[in-house]
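So the structure is just underneath, and the comments pick up after that.
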Number of protein chains: 2
Amino acid sequence: MEVEGSLKRSNKQAESFEKIGASFQMTVRDHVHRTMRNAILAGRFAAGEKVNERNLAEQFGVSTTPIKEALRQLETEGLVEALPRRGVVIRFDSSWAEEMILARAALESMIAHLAAKRIDEKGRAELLAVAERMKEATASGDADCLVELNETFHEHIHKSSQCGYLAKLIERQQFYDASIRRVIHLDPTERQKSLEEHAAIAGAIASGDADGAERLMRDHVVRSGETYLGIVFGKQEDI
Amino acid sequence: MEVEGSLKRSNKQAESFEKIGASFQMTVRDHVHRTMRNAILAGRFAAGEKVNERNLAEQFGVSTTPIKEALRQLETEGLVEALPRRGVVIRFDSSWAEEMILARAALESMIAHLAAKRIDEKGRAELLAVAERMKEATASGDADCLVELNETFHEHIHKSSQCGYLAKLIERQQFYDASIRRVIHLDPTERQKSLEEHAAIAGAIASGDADGAERLMRDHVVRSGETYLGIVFGKQEDI
DNA sequence: GTGTGAAATCTGGTATATCAGATTTGATAT
DNA sequence: ATATCAAATCTGATATACCAGATTTCACAC
């Protein structure tokens, strides 16, 4: 048992530089985890392919210990499956990606619903401000800016929902990275569509329309997800 | 690259006993993971409490290696948080539990929606049969049987949805164990309520009413989840 | 040629050792 | 008494060693 935010500080510059390194410094296992995750999601492993711990350790130039830990994380994320005493195999293909999109849609719509119920004045103003900036970025066609604003937009909704667990869970359902997101934001049609959806979502949340926000968010995630699927896997499917 | 289900078998009794042990045999890390998970969900650790790898290893009478792996799994599940180079702390309290219920509601309703769209004749018949058996078990008041049927019911829906990733994800959002489930099924009022909801869900899915199934499932998970919350944390909250 | 089974090999699971960052302690100066 | 800083200590992160289950190899019997 221990208190979380023990406030006894004798250092002078306590407030200014509060324990920065803590969450930024990288450990080998996190590097391996991140790298492997990206590789799997980028399709650089075949579904069903076996991965060998010693090989990976050699490739990364590290021991098997951090490899094992990274594999446990990937296993819990559902990207690989561990067969006891027989190793781990890759579990990712287009249908898995589809389901990740559906999971994200379900969770983001739930969190949007809660955000609409729980948002306060400050959050409302900020969210609408982000939506406004998106409008400008869309007009000017700044793809990089849009990618960043997109993240900010969803982060604001997560914060407004006051949900920690759900927000964390949603993070794990993302299978396309910034570079892919950038590509899609280069298409004017998609940009416009995305803008309209974001505006509608922001409006619904700001006005406290929980059910509307939920529905709009779900449709937005599914639709944009399908667009990504089409790019990443080169096919278009309806769900 | 390797083929998944290589069919070359020369052994005679191939079909009869297909690799039973594989997924049943327990490794130390899984035992630790399961035990720790149950302990955390049962509230046997305070939120924010630090856990020490060496202590755990000693308590379990094992080395730190499987402990580390189990902690990585718990971390990915969101039940503990790893502070790089500073250890892991417990992340579970009633609000975390609430969010787990909401996550499950979001995911189960999504999967119910898909099940309604994708279920076939065989699945339809089986699902309705399970619902029928629940009716009988409810009448006879067999709590153990109800707990089991409850699981079977949801499993059938998962199977009908043809979703693998979503089904796995849902499993991780369960924070009450069989013993607690049993307690709740002893209450006649809850039993009746639960029966009605299950029947309605089965009906909606069987008749292909995707939106209805989705809504009914969501409400069912949230409502029954709140009942569990009340038991486990001794309070009743609306969401 | 085919099925059998034991030996060799591979590979994941576990234990132990070592390293380094983080925390605590305590002596010292103000 | 309090702030400072370095030594001692703690503990997570990594590396290495070893064991046992799983797979493969291959000689042998039918």
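Residue numbers begin at 1 in each chain, while the letters A, B, ... track the order of the sequences.
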Of all pairs that satisfy salt bridge (charged side-chain N to carboxylate O under 4.0 Å, His left out), the ones with a partner from residues 173-186 of chain B, not counting sequence neighbours: Asp144(B)-Arg182(B), Glu151(B)-Arg181(B)
Quick one: which residue pairs count as a salt bridge (charged side-chain N to carboxylate O under 4.0 Å, His left out) with a foot in residues 25-46 of chain A, not counting sequence neighbours?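 Counting only pairs at least two positions apart or across chains, the salt bridge (charged side-chain N to carboxylate O under 4.0 Å, His left out) contacts touching residues 25-46 of chain A are Arg29(A)-Glu69(A), Arg37(A)-Glu77(A).
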Measure the distance from NE2 on His33(B) to P on dT14(C) and round it to the nearest whole Å.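 Roughly 14 Å, once rounded to whole Å.
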Rounded to the nearest angstrom, tell me the gap between atom CD in Gln73(B) and atom P in dG13(C).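 Spelled out: CD on Gln73(B) to P on dG13(C) is 11 Å.
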What pairs with Phe45(A) under ring pair (Phe, Tyr, Trp, His ring centres under 6.0 Å), at least two apart in sequence or on another chain? none
Side chain to side chain donor-acceptor pair (under 3.5 Å) partners of His158(A), counting only residues at least two apart: Glu108(A)
Can you list the residues that meet the side chain to side chain donor-acceptor pair (under 3.5 Å) rule with Glu214(B), with sequence neighbours excluded? Arg218(A), His113(B)
Expected string for nucleotides 9-17 of chain D under the B/S/- scheme (protein heavy atoms, under 4.0 Å, primed atoms plus P, OP1, OP2 as sugar-phosphate) is --BBBBBB-
